[in-house]
Amino acid sequence: MNTSNSEKLYARAKKFMPAGVNSPVRAFGSVGRTPLFIDRAEGSRIYDADGNEFIDYVCSWGPNILGHSYPPVINAVTESCKKGLTFGACHEGEILLAEKIQKHFPSMEMLRLVNSGTEAVMSAVRAARGFTGRDRIIKFEGCYHGHSDGLLVKGGSGLLTNSVPDSAGVPKGFTDNTLLAEYNNEASVEKLFDEHNDIACVIVEPVAANMGVVPPKKGFLEFLRDITEKNGALLIFDEVITGFRLSIGGAQEYFGIRPDMTALGKIVGGGMPLAAYGGRHEIMECVSPLGSVYQAGTLSGNPAAVAAGLAQITAIEGIPDLYTELDRKAALIENAMKNAGLNVNRAGSLLTAFFTDERVTDYSSAKTADTKKYADYFGYLLDNGIYTAPSQFEAMFVSYAHSDEDIKMTCDIIEGYKR
Ligand SMILES: *Cc1c(COP(=O)(O)O)cnc(C)c1O
């Protein structure tokens, strides 16, 4: 594969951006390669600066559930842009999108639109603290909730890959109120509630997807619902990945659990920088200027981003077999991985092959994966035209644009992998 243009671009990019990237997960360091620079993307395919074509299973880390450059989304954004890029004032699209979100996530009785998943989660946690008047929060090892200070503890994903357990530049005081529990381990949560009576909230990825895919064991989310309720703490679902992905109503619909607050991102923005957080009325009524929890944004509810989100969710609503199709296709890939002797976790259209013999149910079992073996597998797939995450601790995202032929090609290549 000729990657000379990407290499030239990488050399230039490195002069201006740390490691040449604007987000660490894009660096190919952990897989021993240089990042590919993408020129364009359409449907299930991405094309790099050297004209190489790949079947893409990163899908921009989740947003592109209908594939790249989905025409109704592109058209909606194009039309919106003609009316101006940003107003810094109210517009009807915000209401239409809020109505759509609320329809599918009834637990989000009130919500705010923001610009990134990081912002959504950070704001949800602040509202939870403001509402309860408590400071401490519980998060799970290996769950990623964006890069805000208080949540950068055992954050999985890029942090895991780059072996940074915590981030420099985060004063210890900022994470003192962040308590850590183990995913899928009820006793670890009980212990924290026994020791502390000032826990504002438990935040969780209802399906963990930033230490590789780790589904919740049966009863785990129900347990979190119960224990938070009993202790006057809020339950926050970080559905930045799972929202509109596991089902149209996200993990809360899929598992039938109503959290107090929810953070959405990725799919909700249709590929534009847009995210949302929301929850029960009485909690959201604490947010400024109704209440005293401050949260704001110059570009929040940006018309072009709102148009993209609205168009993508409307399209999702119009595809009755979307989730059964995604599930069927992902199951075929899962099966191919199993045929190749790989250890797979899957939840709907999210899946990860872990290079370990242990069953992966939490952060410590995920960490037993051999990242060198993953790097070899990644390189094999890439050389055969399959683009996946350059990290063991990420999900493979299946989209509606992956055709049966794409899936068959992918499965054949995976089955041809020799460990
Ligand atoms: C991606 C992600 C975030 C952060 O979203 P950004 O838009 O990258 O800031 C937060 N939580 C989860 C679960 C995510 O996967």
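Since the model is a prediction, treat every value here as computed from it, not as a measurement. In listed order, ligands and their atoms are each counted from 1.
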Practice task
Identify, for atom 5 (O) of ligand 1, the protein heavy atom at the shortest distance, and state residue, atom and that distance.
Solution key: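 For atom 5 (O) of ligand 1, the nearest protein heavy atom is Gly117 CA, 3.2 Å.
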Exercise for the section: Give the residue and atom name of whichever protein heavy atom lies nearest to atom 2 (C) of ligand 1, and the separation in Å to one decimal. Expected result: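 Closest protein heavy atom to atom 2 (C) of ligand 1: Lys266 NZ, 2.6 Å.
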Exercise for the section: Check the surroundings of atom CG in Asp321: do more than 12 heavy atoms from other residues, nucleotides or ligands lie under 6.0 Å from it? Expected result: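 Buried by this count: over 12 neighbours within 6.0 Å.
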Exercise for the section: Can you establish whether the number of heavy atoms outside Arg12 located under 6.0 Å from its atom CZ is more than 12? Expected result: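 Open.
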Practice task
Determine the minimum heavy-atom distance between Ser288 and Tyr294, stating which atoms define it.
Solution key: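 That closest heavy-atom pairing would be OG-CD1, 3.4 Å.
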Exercise for the section: For atom 15 (O) of ligand 1, decide whether some protein heavy-atom distance is shorter than 4.0 Å. Expected result: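 Looking at atom 15 (O) of ligand 1, one finds that a protein heavy atom does lie closer than 4.0 Å.
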If you count the atoms of ligand 1 from 1 in the order shown, which ones are under 4.0 Å from a heavy atom of [X]?
X      : value
Ile241 : 15 (O)
His145 : 10 (C), 11 (N)
Thr118 : 4 (C), 5 (O), 6 (P), 9 (O)
Glu205 : 13 (C)

Exercise for the section: Going by heavy-atom distance to atom 13 (C) of ligand 1, choose the closest among Thr242, Asp238, Val25. Expected result: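 Going through Thr242, Asp238, Val25 one by one, Asp238 has the nearest heavy atom to atom 13 (C) of ligand 1.
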Practice task
Measure centre to centre between the rings of Phe140 and Phe220, then say whether the value is under 6.0 Å.
Solution key: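 So the answer is yes for these two rings.
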Exercise for the section: Verify whether the ring centers belonging to Phe393 and Tyr363 lie closer than 6.0 Å. Expected result: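 They do not qualify: ring centres at least 6.0 Å apart.
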Exercise for the section: Determine whether Leu96 and His91 make a side-chain contact, defined as any pair of heavy atoms from C-beta on separated by less than 4.5 Å. Expected result: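 Contact flag for Leu96/His91 side chains = no.
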